[in-house]
Amino acid sequence: MEAPSIGGVRLRKGGGQTVRLRRGASLTDLAEKIGVDAASLVQVLFHLGEMVTATQSVADDTLELLGAELEYNIQVVSPEDEDRELLERFDIEFGEDEGDEEDLEHRPAVVTVMGHVDHGKTKLLDALRHANVVSGEAGGITQSIGAYQVHTEVDGEDRRITFIDTPGHEAFTQMRARGAKSTDIAVLVVAADDGVMPQTIEALNHATAADVPVVVAVNKVDKDTADPTRVRGQLTEYGLVPEEYGGETMFVDVSAVTRQGLDDLLEAVVLTADAALDLRANPSMDAQGVAIEAHLDKGRGPVATVLVQRGTLRVGDSIVAGPAHGWVRALVNDHGEMVDEAPPSMPVQVLGLTSVPGAGDSFLVVADDRTARQIADQREARNRAAAQAAGARRKTLDQLFEQLEKGETQELLLILKGDSSGSVEALEDTLSQIDVGEEVSLRVIDRGVGAITETNVSLAAASGAVILGYNVRAQGKATELADRENVNIRYYSVIYQALDEIEAALKGMLKPIYEEVQLGQAEVREIFRSSKAGTIAGCMVLSGLIRRNAKARLLRDGVVITETDIKSLRREKDDVTEVREGFECGITLSNFSDIKTEDIIETFEMVEKARD
């Protein structure tokens, strides 16, 4: 059945047939699925007001628009679904424990410590593991691993708890966005002398959205100004009701300095886990889990800290972590010791990957290196296509005509990277409120959590974007690539500093506004003719000044006869640059000679006006 002709292009109707496409697919991909020529689809979109090439990554809504026109139901597969389908092709089930109930064994709780800046999160973690990270070596393995386990005794039984080190770590929110759950319990640290602050609420919102139980650590109770009761009252307003008030949330008064209440806090975590969660996993299957953080080590190559969620990770396993793959050459625990295996809930550093995975990327053990490489390559291709689609700007013909009419609008493209999704969202919201008129615009083409990567730099280079890093830095070879590609990376630790600089940049892109400033007026009293100079007007300067080369208007009976500029200016027999009020002078105008007595020559200049 023929579709109606669109600009002379006739294509067979889909009749409601469903077509599944990955995010960032091109018109060529769609053409192969429905058995038509990609050039025809380019023409159809052009006549629908969209300009897209055959091989360009296409935005989701553009694909759906084209599908509706051709009567195809186009489904853009989400990254999560696509990854699930990819693993299914290799007969891999991710996210579920294999075996029966009897195969499941108890595992330690995984805890993320969150809260407002300067409320003592890091010192509390130091106290819990008897190591001082604040004053310790910055490059020490214990610090850089990013997660560790502590032991505590509850009811005479030795219990372990895994802490994800970096407070409010990006993996916490990143994995929630990817549909996996890396954290069992959140410990919300609130300073007893400071009370609930904006980041406290932000951290609480993340924990609530991730649907994890919260234990509140009221820190700094050793201070004279401490008021733990006020903290309890404040958090009650946000739905965290203490057990002593009849609620379900455990509040523990602690001091990282005097070590008061630390055992009570660990006990509260264990009791909350036992009461609210069924923490079991199968240690006998192939390992699966999440990459908490990763970096490029000069001596050891790509190093990833992974949290094993189910199964047991062993040296020699073939592993895939996001778009990275490899085989496990070595495992390093939180004490810097080499280990042969890592059971569920144990954090370890993995050496042997071919590249650096992202924070929050899932990892899994596969049958062999070939399978690992195939999965990693397809993930990398998918990520690249999705990034290109996100960076591709739809420009309709209507928009093009509008820009031609009023002059091309300027646009500042940004890529945002931050230490947590909350700070990235806050930065984007703040930047979106900048208003400098319709002549310039700001568009965020990519955003993410974690260090600035080579992928970010490549996207910025291709699109001419500026990268903003909020409390993060470029990792690996990203800095070298940025220098080579001349990509501008700006680092900030204060949101309002970024706001001021971006606003200044946008205003700098505005075309300057000029206003006319009148210099002076002269009346024509006599007319002289010269074979060399042409018509010379003998004038008296009535007001202001007349300046050589200044812009000028000739007024006759109050009507503008011409607009030109002062070609020459003489006083008596001398060339001068300007003549002031009350003096006589001789004036010739550029390309105009029809001057009469009593005409008024008015001079002015255009001065750039400061914007509000």
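- Checking side-chain atoms of Lys417 against main-chain N and O of Gly469 turns up no donor-acceptor pair under 3.5 Å.
- No donor-acceptor pair closer than 3.5 Å links the side chain of Thr28 to the backbone N or O of Ala38.
- Side-chain N/O atoms of Asn205 and Thr208 include no donor and acceptor closer than 3.5 Å.
- A salt bridge links Asp278 with Arg280; the closest basic N to acidic carboxylate O contact falls under 4.0 Å.
- Atom CG of Leu277 and atom CD1 of Ile185 lie 5.5 Å apart (nearest 0.5 Å).
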Exercise. Leu468 and Ile502: side-chain contact (heavy atoms from CB on, under 4.5 Å), yes or no, with the steps?
Worked result: CA-CA 10 Å; Leu468 302 190; Ile502 296 302; 4.0 Å; yes
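- With hydrogens and angles ignored, the 3.5 Å screen pairs no side-chain donor or acceptor of Gln149 with any backbone N or O of Asp334.
- With hydrogens and angles ignored, the 3.5 Å screen pairs a side-chain donor or acceptor of Thr162 with a backbone N or O of Ser345.
- In this structure, the separation between CG on Leu45 and CG on Leu66 is 4.5 Å, given to the nearest 0.5 Å.
- The 12-atom threshold is exceeded at CG of Asp103, counting heavy atoms of other residues, nucleotides or ligands nearer than 6.0 Å.
- In this structure, Asn333 contributes its side chain and His335 its backbone to a donor-acceptor pair below 3.5 Å.
- Under the 3.5 Å distance criterion, the side-chain polar atoms of Arg310 are left unmatched by any main-chain donor or acceptor of Asn282.
- Note that the CG atom of Leu128 and the CZ atom of Phe163 stand 5.0 Å from one another [nearest 0.5 Å].
- In this structure, CG in Asp317 is found 11.0 Å from CG in Leu364, a value given to the nearest 0.5 Å.
- Within the 4.5 Å cutoff, side-chain heavy atoms of Arg379 are placed close to those of Val320.
- At a threshold of 4.5 Å between non-hydrogen side-chain atoms, the residues Leu331 and Val350 count as touching.
- Defined by atom type and a distance below 3.5 Å, a donor-acceptor pair is missing between the side-chain atoms of Asp368 and Ser318.
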Problem set entry | side-chain contact (heavy atoms from CB on, under 4.5 Å) between Arg484 and Leu481, worked out | CA-CA 5 Å; Arg484 195 162 61 246; Leu481 182 62; 3.2 Å; yes
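- At least one donor-acceptor pair under 3.5 Å links the side chain of Asn456 to the backbone N or O of Thr453.
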For this session: Quick one: do His106 and Arg159 satisfy side-chain contact (heavy atoms from CB on, under 4.5 Å)? Show the steps, please.
Result: CA-CA 11 Å; His106 178 80; Arg159 301 290 293 271; 3.6 Å; yes
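- Not a single donor-acceptor pair under 3.5 Å links the side chain of Asn471 to the backbone N or O of Gly418.
- With hydrogens and angles disregarded, a donor-acceptor distance shorter than 3.5 Å links the side chain of Asp29 to the backbone of Ser26.
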